[in-house]
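Contents: one structure, followed by commentary.
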Amino acid sequence: MASSGDSTILHADLDAFYASVEQLLDPSLRGLPIAVGGGVVLAASYEARAYGVAAGMPGWRARALCPDIRFVGGHFGEYQRRADQVVDVFHDFTPRVERISIDEAFLDVSGAVHLFGPPGAIGAAIRRRVREETGLPLSVGVARTKHLAKVASQVAKPDGLVVVEPGGERAFLAPLPVGLVWGVGPATQLRLHQSGIQTIGQLAAAGSPLLESLLGPANGSKLARLAADVDRRRVDAPERARSIGAQAALGRRRVDRELVRETLGYLTDRVAGRMRASRRAARTVTVRVRFTGLRSVTRGATLARPSSATLTLTETAVELAGRALADHPAEREITLLAVSLSNLRDEECLQPELPWGRQARAQAARWGVDRTVDAIRTKFGRGAVGYATVVFSGVDRVPEGFRELAEH
DNA sequence: TCTGGGGTCCTAGGACCC
DNA sequence: TCTGGGGTCCTAGGACCC
């Protein structure tokens, strides 16, 4: 029985995943700069990355950087299918697989060395099998901790394997840029650079007190632990979600109450349905309104009791959006609306409504309508039935396949 | 001339309670 | 005479991740 200090963690990360699948499906795309997406780059092939194209970049900028870039994609079902195939391979080596996104997972292979040899050999064997069975390039990092395994897989990219031997952790981390630390994004990186901290070695040397004064107590101490390699998180099954949300980009639309009502109705309907499918109810509703120039505001409200009723949640969302808009009368156009449900409770645990009173009866009726709609949709599909403004709403411009993928 | 959708966590101020 | 401290919940905003 290995102690936690002896655990061996493997981080596996599919390279340029969506783009790699597209190049497999259409061999004429191999070796070419391609991007998956349209308005925004969801994934870029390594050939495109050589031009500076990166995920999250607006499509027009990608075209400016790389005029020959080809935009392809939309094979969402294929992405999911192949990613599942890869995870099946992982399970042949260990039952302890923590999937953290469609193209990434942690594996605890501490107990697998007796069967498959040293950690490096396991990493190599997994990479080989994934390549043979799916055609996809996979990068793997191996180390004693999750954080270090993840850093190692980033160093291994593209299509490589990096093993950090026990005892070599600090030396491995020291020269690497701070941006490789999990949780260091552009804002934190800028602040660290301004303090003369460029490498993870310098980050570790800075120490917790300085980092806490720079970045706040929680972020500072967490970063100090990661840089000093004393983080010991285990590989676990993912926890249940703490919030469920949906958003819709609208282009540039003049502020219009009816548009807001329809869009929020549509979004809340989707989100509430997903929540009911996982048998939960929400106490907090949050609405985000984004204006031009990426200026955005959020308004939230916590209900006296949890609800899973589409109508109740929609009314709350619409009211919150009204407040947000009223607080910003100078804004003439909105570009995005988002709804999020949080403070989630298991529905079975809810206090049953008292069987009398008009309000209780109304709630019971809403509950019944939602269940009926859910059941019909399960049988006949989303478009079969719904509230009128939702059914006829024209905001569903993003491919449904992508939504389902994102929801997975 | 600012681009998708789905999430997590942290901070900070205010209300309220003891 | 408004002085002390601690805890919880709510709200708004922001950073970050895939």
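Keep in mind it's a predicted model, so treat the numbers as computed, not measured. Each chain gets a letter, A, B and so on, in the order its sequence line appears, and its residues count up from 1.
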Selection residues 162-174 of chain A - residue pairs positive for side-chain hydrogen bond (donor to acceptor under 3.5 Å, both in side chains), sequence neighbours left out: Arg144(A)-Glu169(A)

Residue pairs fulfilling side-chain hydrogen bond (donor to acceptor under 3.5 Å, both in side chains) with at least one residue in residues 208-230 of chain A, sequence neighbours excluded: Ser208(A)-Glu212(A)

CA sep, side-chain torsions, deciding dist, call: Lys146(A), Glu98(A), side chain to side chain contact (heavy atoms under 4.5 Å, CB included): CA-CA 11 Å; Lys146(A) 285 165 95 171; Glu98(A) 178 183 342; 2.9 Å; yes

Met57(A) vs Leu65(A) side-chain heavy atoms within contact, under 4.5 Å: yes

With sequence neighbours excluded, residues passing ring pair (Phe, Tyr, Trp, His ring centres under 6.0 Å) with His11(A): Phe106(A)

Residues in ring pair (Phe, Tyr, Trp, His ring centres under 6.0 Å) contact with Phe93(A), at least two apart in sequence or another chain: Phe116(A)

Under 3.5 Å, side-chain donor or acceptor atoms of residues 291-299 of chain A against the rest of the protein: list the pairs with distances, not counting sequence neighbours.
residue: Arg295(A); atom: NE; partner: Glu331(A); partner atom: OE2; Å: 2.8
residue: Arg295(A); atom: NH2; partner: Thr292(A); partner atom: O; Å: 3.2
residue: Arg295(A); atom: NH2; partner: Glu331(A); partner atom: OE1; Å: 3.2
residue: Arg299(A); atom: NE; partner: Asp327(A); partner atom: OD2; Å: 3.1
residue: Arg299(A); atom: NH2; partner: Asp327(A); partner atom: OD2; Å: 2.9

Would you mind writing out the side-chain donor-acceptor pairs for residues 20-33 of chain A within the sub-3.5 Å range, not counting sequence neighbours?
residue: Ser20(A); atom: OG; partner: Asp15(A); partner atom: O; Å: 2.7
residue: Ser20(A); atom: OG; partner: Ala16(A); partner atom: O; Å: 3.1
residue: Glu22(A); atom: OE1; partner: His75(A); partner atom: ND1; Å: 3.0
residue: Glu22(A); atom: OE2; partner: His75(A); partner atom: ND1; Å: 3.0
residue: Glu22(A); atom: OE2; partner: Tyr79(A); partner atom: OH; Å: 2.5
residue: Gln23(A); atom: NE2; partner: Leu29(A); partner atom: O; Å: 3.2
residue: Gln23(A); atom: NE2; partner: Leu32(A); partner atom: O; Å: 3.4
residue: Asp26(A); atom: OD1; partner: Ser28(A); partner atom: N; Å: 3.1
residue: Asp26(A); atom: OD1; partner: Ser28(A); partner atom: OG; Å: 2.7
residue: Asp26(A); atom: OD2; partner: Ser28(A); partner atom: OG; Å: 3.4
residue: Arg30(A); atom: NE; partner: Gln23(A); partner atom: O; Å: 3.0
residue: Arg30(A); atom: NH2; partner: Leu24(A); partner atom: O; Å: 3.4

Residues touching DNA chain B, which here means a heavy atom under 4.0 Å, drawn from residues 209-230 of chain A: Gly216(A), Pro217(A), Ala218(A), Asn219(A)

Could you list the donor-acceptor pairs under 3.5 angstrom formed between side-chain atoms of residues 179-193 of chain A and any protein atom two or more places apart in sequence or on another chain?
residue: Arg191(A); atom: NH2; partner: Leu214(A); partner atom: O; Å: 3.2
residue: His193(A); atom: NE2; partner: Gln198(A); partner atom: OE1; Å: 3.3

Identify each donor-acceptor pair in which a side-chain atom of residues 126-133 of chain A lies under 3.5 Å from a protein atom, sequence neighbours left out, and give them as a table.
residue: Arg127(A); atom: NH1; partner: Leu138(A); partner atom: O; Å: 2.5
residue: Arg127(A); atom: NH1; partner: Asp159(A); partner atom: O; Å: 3.4
residue: Arg127(A); atom: NH1; partner: Asp159(A); partner atom: OD1; Å: 3.0
residue: Arg127(A); atom: NH2; partner: Asp159(A); partner atom: O; Å: 3.4
residue: Arg129(A); atom: NE; partner: Glu133(A); partner atom: OE2; Å: 2.8
residue: Arg129(A); atom: NH1; partner: Asp92(A); partner atom: OD2; Å: 3.0
residue: Arg129(A); atom: NH2; partner: Asp92(A); partner atom: OD2; Å: 2.9
residue: Arg129(A); atom: NH2; partner: Glu133(A); partner atom: OE1; Å: 3.3
residue: Arg129(A); atom: NH2; partner: Glu133(A); partner atom: OE2; Å: 3.0
residue: Arg131(A); atom: NH2; partner: Asp159(A); partner atom: OD2; Å: 2.8

Rounded to 10 degrees, the angle between the two terminal axes of the helix from dG5(B)-dC18(C) to dC18(B)-dG5(C), each from five pairs: 10°

Every protein N/O within reach of nucleotides 8-14 of chain C N/O, cut-off under 3.5 Å:
residue: dC10(C); atom: OP1; partner: Arg283(A); partner atom: NH1; Å: 3.1
residue: dC10(C); atom: OP1; partner: Arg283(A); partner atom: NH2; Å: 3.0
residue: dT11(C); atom: OP1; partner: Thr302(A); partner atom: N; Å: 3.4
residue: dT11(C); atom: OP2; partner: Thr302(A); partner atom: N; Å: 3.1
residue: dT11(C); atom: OP2; partner: Thr302(A); partner atom: OG1; Å: 2.4
residue: dA12(C); atom: OP2; partner: Gly300(A); partner atom: N; Å: 2.6
residue: dA12(C); atom: OP2; partner: Gly300(A); partner atom: O; Å: 3.3
residue: dG13(C); atom: OP2; partner: Thr298(A); partner atom: N; Å: 2.8
residue: dG13(C); atom: OP2; partner: Thr298(A); partner atom: O; Å: 3.0
residue: dG13(C); atom: OP2; partner: Thr298(A); partner atom: OG1; Å: 3.3
residue: dG13(C); atom: OP2; partner: Arg299(A); partner atom: NH1; Å: 3.3

What protein N or O atoms touch nucleotides 15-18 of chain C N or O atoms at under 3.5 angstrom, if any, and at what distances?
residue: dC16(C); atom: OP1; partner: Gly185(A); partner atom: N; Å: 3.1
residue: dC16(C); atom: OP1; partner: Gly185(A); partner atom: O; Å: 3.2
residue: dC16(C); atom: OP1; partner: Ala187(A); partner atom: N; Å: 3.3
residue: dC16(C); atom: OP1; partner: Thr188(A); partner atom: N; Å: 2.5
residue: dC16(C); atom: OP1; partner: Thr188(A); partner atom: OG1; Å: 2.5
residue: dC16(C); atom: OP2; partner: Pro186(A); partner atom: N; Å: 3.4
residue: dC16(C); atom: OP2; partner: Ala187(A); partner atom: N; Å: 2.8
residue: dC16(C); atom: O5'; partner: Gly185(A); partner atom: N; Å: 3.4
residue: dC17(C); atom: OP1; partner: Gly183(A); partner atom: N; Å: 3.0
residue: dC17(C); atom: OP1; partner: Val184(A); partner atom: N; Å: 3.3
residue: dC17(C); atom: OP1; partner: Val184(A); partner atom: O; Å: 3.3
residue: dC18(C); atom: OP1; partner: Lys150(A); partner atom: NZ; Å: 2.2
residue: dC18(C); atom: O3'; partner: Ser101(A); partner atom: OG; Å: 2.3
residue: dC18(C); atom: O3'; partner: Asp103(A); partner atom: OD1; Å: 3.3
residue: dC18(C); atom: O3'; partner: Glu104(A); partner atom: OE1; Å: 3.2

No-hydrogen, no-angle side-chain donor-acceptor test under 3.5 Å, Thr302(A) and Thr284(A): yes

